[in-house]
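For reference, the structure discussed in these notes is given below.
All ligand and atom numbering here is 1-based and tracks the order in the structure. Please read these numbers as outputs of a predicted model, since none were measured by experiment. Side-chain atoms are counted along with the backbone in the values below, which use heavy atoms only and exclude waters and symmetry mates.
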Amino acid sequence: MSKNVIIVGGGLAGLSAAVYLSRAGRTVTIFERRRYLGGRAVTHLRHGYRFNLGPHAFFRAGHGWNVLRELGIPVRGGVPKVRGFGMLGTQRFKFPGSLWSILTTSLFGLKAKMQMLALFLRIRSIDPKLYASMTVREWIDANASDERVRLLLEAVFRLATYSNRPDLQGAGAALAQLRLSIRGVVYVDEGWQKIVDSLHSAAVASGVNFVTSSRVVSVDHEGGAVRGVELGGLEIEDRKDTMSLVMPDMSDPDKGTRIPADTVLLAVDPSTARELVRDVDWPETTAVMMSSLDIALSKLPQPHNTFALGLDKPHYFSVHSAWAQLTPKGGALLHLGRYGDGGTEEELEALVDELQPGWRDLVVHRRFLPAMTVSNALVQPDGVSARMKAVTPLRGLYVAGDWVDEGGILSDAAFASARAAAKAILAAG
Ligand SMILES: Cc1cc2nc3c(=O)[nH]c(=O)nc-3n(C[C@H](O)[C@H](O)[C@H](O)COP(=O)(O)OP(=O)(O)OC[C@H]3O[C@@H](n4cnc5c(N)ncnc54)[C@H](O)[C@@H]3O)c2cc1C
């Protein structure tokens, strides 16, 4: 085997795998189709405000935390308190996110309080693997009879996993994530771009080569082994945050540039992986989606309203700047979300009207991101649909991303699979 590794995709997965591999002596080249690195972890600076791509929270005890610690990359920010409102119809209740607030919220009667307290304590010590063959809906059916307790459970599963598909989602992974979220999350100072930039610096320091604005269009293979990649034309991006346009390579319209390599790591989404290598039996995946309204205000009209969660509707509201450095002095950055692939800007604006009246006169910048892919693969119950592993059946081909199963979900899965892929590449010689 040669010591050269090609990584396709410069998001968190591609970048962290590159650092592991280059530090271990491999010659690593990352091809990224966009002009910039970071993928969905990018942060856009607008008028001094740092906009992550929708609400991003870093799980403090997750795989991502361990990977970044191993790589010597600090994650700084604030740990938000789950203190605010639960929204049920037009009613607002103290959010029952702690033992004390479960006891004191008017959301529950006495019986429901006892049921919720018992569940709250049980979830902390539960073994999620025991429930891997159930859906979230089946787990709730088996464990909660009170209607409001059931609504709260659905809401906290949404909060922890971003998924609004209790009938499809596996209870094992969802419970594991809920336990992780109880241990706390960090809203990252300066946005997730800070993590991207630190990974980039570490990669540069260890000699990784970067080729941006460059799309890989196929992976060449022969006799069951990888032979290299083919590059497409130059990418020209338009001004929108998320759009890009591919220009064909006019110098040779029939053939792109071929680059030989016997080790390729695809740190891309599963549909791109499928396009790049048609002969691998890729599993079907169901994406986890969210629409997000991100708003920068010159000042927060209601400084005490920093968090609210829909109980009967899949709504999210959090003022991330209340906990992390994301704005100029006195400013505020809010994320509103609707879990799932639907939702309108108007419905999220109506929430801000209620929670932060007067906000419309204070807007510095805002954007609505409909139907974003939060995760490329919903984790389903065992036996329904398995995620891909980092080592593929094709010799020399590896995958990493939030759809690859080496532990965790969301960015934790991206980090865990990046580490697993790098380890496997190094072990292969
Ligand atoms: C609204 C929203 C909220 C989120 N909230 C959280 C959260 O709270 N906590 C959490 O842990 N995670 C969260 N996430 C998920 C997290 O952002 C992702 O899991 C993580 O960024 C995925 O990293 P990745 O490297 O696997 O994939 P990506 O970031 O998607 O990177 C893939 C890269 O590959 C490039 N690429 C694709 N095709 C090609 C090609 N053919 N050639 C070259 N390059 C290519 C892409 O341009 C991209 O840069 C959220 C995501 C969204 C959208």
Side-chain angles (χ1 to χ4, degrees), residues 6-18 29-43 51-60 62-65 75 80 159-163 177 180-181 185-188 191-193 195-196 199 210-219 229-233 235 237 242 244 246 256 264-277 287-294 316 318 320 335-339 369-377 399-404 408-418 421:
I6 285 181
I7 297 181
V8 187
L12 294 176
L15 287 169
S16 27
T29 307
I30 294 187
F31 290 96
E32 166 53 54
R33 74 182 156 101
R34 293 191 191 282
R35 176 168 47 84
Y36 56 86
L37 298 165
R40 282 169 287 152
V42 72
T43 305
F51 283 74
N52 287 325
L53 225 50
H56 270 75
F58 199 88
F59 291 85
R60 283 210 294 175
H63 293 278
W65 194 266
V75 180
L159 179 65
T161 68
Y162 284 81
S163 166
Q177 193 67 12
L180 209 55
S181 64
V185 298
V186 173
Y187 291 168
V188 181
W192 280 40
Q193 188 71 43
I195 301 174
V196 172
L199 282 168
F210 291 92
V211 187
T212 51
S213 299
S214 197
R215 181 197 289 261
V216 170
V217 293
S218 76
V219 173
V229 298
E230 188 180 337
L231 298 184
E235 301 266 320
E237 295 189 35
T242 50
S244 75
V246 189
V264 173
L265 168 58
L266 298 180
V268 296
D269 56 280
S271 49
T272 302
R274 192 183 294 272
E275 271 168 37
L276 296 183
V277 197
V288 176
M289 318 281 280
M290 170 184 242
S291 297
S292 170
L293 175 61
D294 307 339
Y316 168 93
S318 181
H320 283 224
H335 289 287
L336 283 298
R338 184 188 167 102
Y339 300 100
L369 304 170
M372 300 284 296
T373 299
V374 176
S375 168
N376 280 297
V399 286
D402 55 13
W403 52 287
V404 181
I409 63 169
L410 299 164
S411 70
D412 282 335
F415 283 114
S417 54

Without swapping roles, check the side chain of [X] against the backbone of [Y] for a donor-acceptor pair under 3.5 Å.
X	Y	result
Asp269	Thr272	yes
Asp294	Gly54	yes
Ser163	Val288	no

As an exercise, identify every atom of ligand 1 less than 4.0 angstrom from a heavy atom of [X].
X	result
Arg215	40 (C), 41 (N), 42 (N)
Gly9	33 (C), 34 (O), 35 (C), 44 (N)
Arg34	47 (O)
Val8	40 (C), 42 (N), 43 (C)
Leu410	10 (C), 11 (O), 12 (N), 19 (O)

Would you say that [X] contacts [Y] through its side chain, given a criterion of any heavy-atom pair below 4.5 Å between the two side chains?
X	Y	value
Tyr316	Leu159	yes
Val188	Ile195	yes
Pro80	Ser318	no
Trp65	Val75	yes
Val8	Val264	yes
Leu276	Val216	yes
Tyr187	Asn52	no
Phe59	Ser411	no

Please work out which of [options] has its closest non-hydrogen atom nearest to [atom].
atom	options	value
atom 8 (O) of ligand 1	Phe415, Tyr162, Tyr187, Phe58	Tyr162
atom 11 (O) of ligand 1	Ser417, Pro55, Ser411	Ser411
atom 18 (C) of ligand 1	Val404, Asp412, Asp402	Asp402

Does an N or O anywhere in [X] fall below 3.5 Å from an N or O of ligand 1?
X	value
Glu32	yes
His56	yes
Val268	no
Ala13	yes
Val216	yes
Ala57	yes
Asp269	no

Worksheet item: Should Arg40 and Asp402 be marked as a side chain to side chain contact (heavy atoms under 4.5 Å, CB included) after you check the CA-CA gap, both sets of side-chain angles, and the distance that decides it?
Response: CA-CA 11 Å; Arg40 282 169 287 152; Asp402 55 13; 2.9 Å; yes
When you measure from [atom] to every protein heavy atom, which one gives the shortest distance, and what is it?
atom	result
atom 20 (C) of ligand 1	Leu12 CD1, 4.1 Å
atom 2 (C) of ligand 1	Leu53 O, 3.4 Å
atom 15 (C) of ligand 1	Val374 O, 3.2 Å
atom 22 (C) of ligand 1	Arg40 NH2, 3.5 Å
atom 37 (C) of ligand 1	Arg33 NE, 3.2 Å
atom 31 (O) of ligand 1	Gly11 CA, 3.6 Å

[X] near ligand 1, heavy-atom distance under 4.0 Å?
X	answer
Thr373	yes
Ser214	yes
Ala41	yes
Trp192	yes
Ala267	yes

Worksheet item: Got a sec, which residues hit ring-ring contact (aromatic ring centres under 6.0 Å, His included) with His335, two or more places apart in sequence or on another chain?
Response: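 Only His320 meet the ring-ring contact (aromatic ring centres under 6.0 Å, His included) criterion with His335.
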Fill in: Residues which pass side-chain contact (heavy atoms from CB on, under 4.5 Å) with Ala41, listed by chain and number, not counting sequence neighbours
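Ala41: side-chain contact (heavy atoms from CB on, under 4.5 Å) contacts with Leu12, Trp192, Val196.
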Fill in: Step-by-step side chain to side chain contact (heavy atoms under 4.5 Å, CB included) determination, Tyr162 to Leu410
CA-CA 9 Å; Tyr162 284 81; Leu410 299 164; 3.9 Å; yes
